[in-house]
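Presented below is the structure to which this report refers.
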Amino acid sequence: MKKQIVIIGGGFAGINLARQLANTEGIHVTLVDKNNYNFFPPLLYQVATGFLEVSNISYPFRKLFHHKKNINFRMGELQKVVQEENRIVLSTGDLSYDYLVLATGTESNYFGIENIRKAAIPMKTVDDAIEMRNYLLQKAEEATIATDDEEKKKLSSIVIAGGGPTGVEVAGMLAEMRRNILEKDYPELKGNKVRIYLVDGAPTLLTSMSKEAQEYAYDTLLKMGVEVKLNKLVKDYIDETVIFADGEKIPTKLLFWTAGVTSKVFDGITKESYGRGRRLLVDEYNKVQGTQNIYAIGDTSLQTADKNFPQGHPQLAQVAIQQGKNLAKNFKSIFSGKSLTPFTYHDKGSMAIIGRSKAVSDIPKPKMHIKGFIAWVIWLFVHLFSLINYRNRIKTMYNWTVAYFTKDQSLRMIIRPMVKP
Ligand SMILES: Cc1cc2nc3c(=O)[nH]c(=O)nc-3n(C[C@H](O)[C@H](O)[C@H](O)COP(=O)(O)OP(=O)(O)OC[C@H]3O[C@@H](n4cnc5c(N)ncnc54)[C@H](O)[C@@H]3O)c2cc1C
């Protein structure tokens, strides 16, 4: 009888685990995801700003698993784990497992500010990116016909909350668009000052990166005309106005939220299994604390056994990829009676793009901080080769080449799904 491994979530962690278990004797894998496609979050903001198409950064699971005889895909959202019966409840029915792996990533954290949850546009999913693109374009159209000064101001001010890599990348991209595209697409807005604010409660941008990277990002964004406001905690969003803890206000209809993430809590997993940021506490083999056959990998897990990362690993793609691969190795060891390998993270560095020919990159070994054009080229290649397959790499390369030479793209269509009354 084959062992049934059920993986919930086909992001970096889940997909790497599944791929490594492909065509392994004695194991059957069911990959469950609420979407029917895998996608590449680091390039979502390029979809949101109309530089890449959705199909450049996503791929259907069922096609990925052609010729993988022991892998099934099941579309559905995890709702409950019934541990005593080794069963899960999905939005699309039940599934039984011998081993369950939670690789569900994170969701946006609004820190309990309900008005922001309702009004701000996050940047976590493909749906968010499409929504951001539609919203930006829709508001630009509204700005062309606005007559009231206050209304015009709200439509011409963009606030990006969160100065991590995503916030920096969105701000930089919008600044490039303002310079190269705005007047060509919207001649009616000539002379109308579009203001881009990047705000963060911390004293620096890119807090997880080196001082050099932080300073370069800050200086570069200022030169590009982005108004960077640090030590600025967003407190609320009332009457289309962002309100900060120190009382300052910015009226805007365009609030983008990249300020934080939190993991998901699932019914049937006890409270004691969750740690900081609602991440699932796992041992050195990624087994969830207090369970026998449930594992967690990637962003949703919190592992403190790695001696180099006693506070847990950063929530990065490389951690998720490496944990997925290590768990696959350990499953094979479990079934062949070999000893297990504890997880250790091999840090490959971090990077962020700021604008055309401008990026920062921190490399751990040998320790180096690279900025400017070379960092930008490294960023392009790393991201290109990290896409899931050749088809997506070629399509992305094509779109980037067009964008580089024309300083433009032609993907700025407002496309909304039909909603039947
Ligand atoms: C905009 C953005 C930019 C980023 N840029 C970078 C970067 O440049 N470099 C970097 O290293 N990291 C970056 N990250 C972080 C990186 O994307 C994450 O660390 C990585 O995706 C974590 O992988 P994961 O497999 O744990 O989760 P994810 O990749 O988030 O995958 C989770 C999967 O689970 C599915 N899922 C969630 N809940 C359920 C449920 N209840 N039922 C069924 N399926 C479910 C989701 O649909 C998704 O497919 C970025 C993240 C974002 C959002």
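In listed order, ligands and their atoms are each counted from 1. As a basis for the values below, the full set of heavy atoms in this structure was taken, side chains included, without hydrogen atoms, waters or symmetry mates.
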Got a second to check how far [X]'s [atom1] is from [Y]'s [atom2], nearest 0.5 Å?
X    : Y    : atom1 : atom2 : result
K223 : I354 : NZ    : CD1   : 10.0 Å
F331 : Q20  : CZ    : CD    : 13.0 Å
I57  : I388 : CD1   : CD1   : 11.5 Å

Would you kindly say whether D362 and S210 are connected by a side-chain donor-acceptor distance under 3.5 Å?
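There is such a pair (donor and acceptor under 3.5 Å, judged by atom type) between the side chains of D362 and S210.
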
Looking only at side-chain N and O atoms, does N392 offer a donor or acceptor that is under 3.5 Å from a partner on N56?
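No.
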
Considering only heavy atoms of [X], which atoms of ligand 1 have at least one such atom less than 4.0 Å away?
X    : answer
G298 : 26 (O)
F266 : 41 (N)
T166 : 1 (C), 2 (C), 3 (C)
Q315 : 15 (C), 19 (O)

Counting both backbone and side chain atoms, is some N or O of G14 under 3.5 Å from an N or O of ligand 1?
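No.
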
Using distance alone, determine whether Y37 and ligand 1 share an N or O pair under 3.5 Å.
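In this structure, Y37 places no N or O atom under 3.5 Å from an N or O of ligand 1.
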
Do R195 and E227 meet the salt-bridge criterion of a basic N to acidic O distance under 4.0 Å?
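So E227 pairs with R195 through a salt bridge.
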
Lys/Arg-Asp/Glu bridge criterion (N-O < 4.0 Å) met for K232, D246:
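So K232 pairs with D246 through a salt bridge.
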
Among all the protein's non-hydrogen atoms, which is closest to atom 39 (C) of ligand 1, and how far away is it?
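Its nearest protein heavy-atom neighbour is T104 CG2, 3.7 Å.
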
Give the contacting part of [X] toward ligand 1: side chain, backbone, both or neither, where contact means a heavy-atom distance below 4.0 Å.
X    : result
L90  : neither
A103 : backbone
D299 : both
H383 : side chain

Out of A317, A296, S386, whose heavy atom sits nearest atom 12 (N) of ligand 1?
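Closest candidate by heavy-atom distance is A317.
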
Pick, from R74, K34, E77, K348, the option with the minimum heavy-atom distance to atom 41 (N) of ligand 1.
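Of the listed residues, E77 has the closest heavy atom.
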
Would you say Q79 contacts ligand 1, with heavy atoms under 4.0 Å as the rule?
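Not so, Q79 does not reach ligand 1.
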
Look at ligand 1 and say whether S301 reaches it with a heavy atom at a distance under 4.0 Å.
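It does not; every heavy atom stays at 4.0 Å or beyond.
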
Taking the side chain as every heavy atom from C-beta outward, state whether F309 and P314 have any pair of such atoms under 4.5 Å apart.
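Sidechains of P314 and F309: in contact.
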
Does the plane of the ring in Y295 sit parallel, tilted or perpendicular to the ring in Y99? Use 30° and 60° as the thresholds.
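The rings of Y295 and Y99 sit tilted, inter-plane angle from 30° to 60°.
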
On the 0 to 90° scale, with breaks at 30° and 60°, tag the F61-F65 ring pair as parallel, tilted or perpendicular.
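Answer is parallel, since the angle falls under 30°.
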
Protein non-hydrogen atom found under 4.0 Å from atom 14 (N) of ligand 1
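Protein heavy atoms within 4.0 Å of atom 14 (N) of ligand 1 - there are none.
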
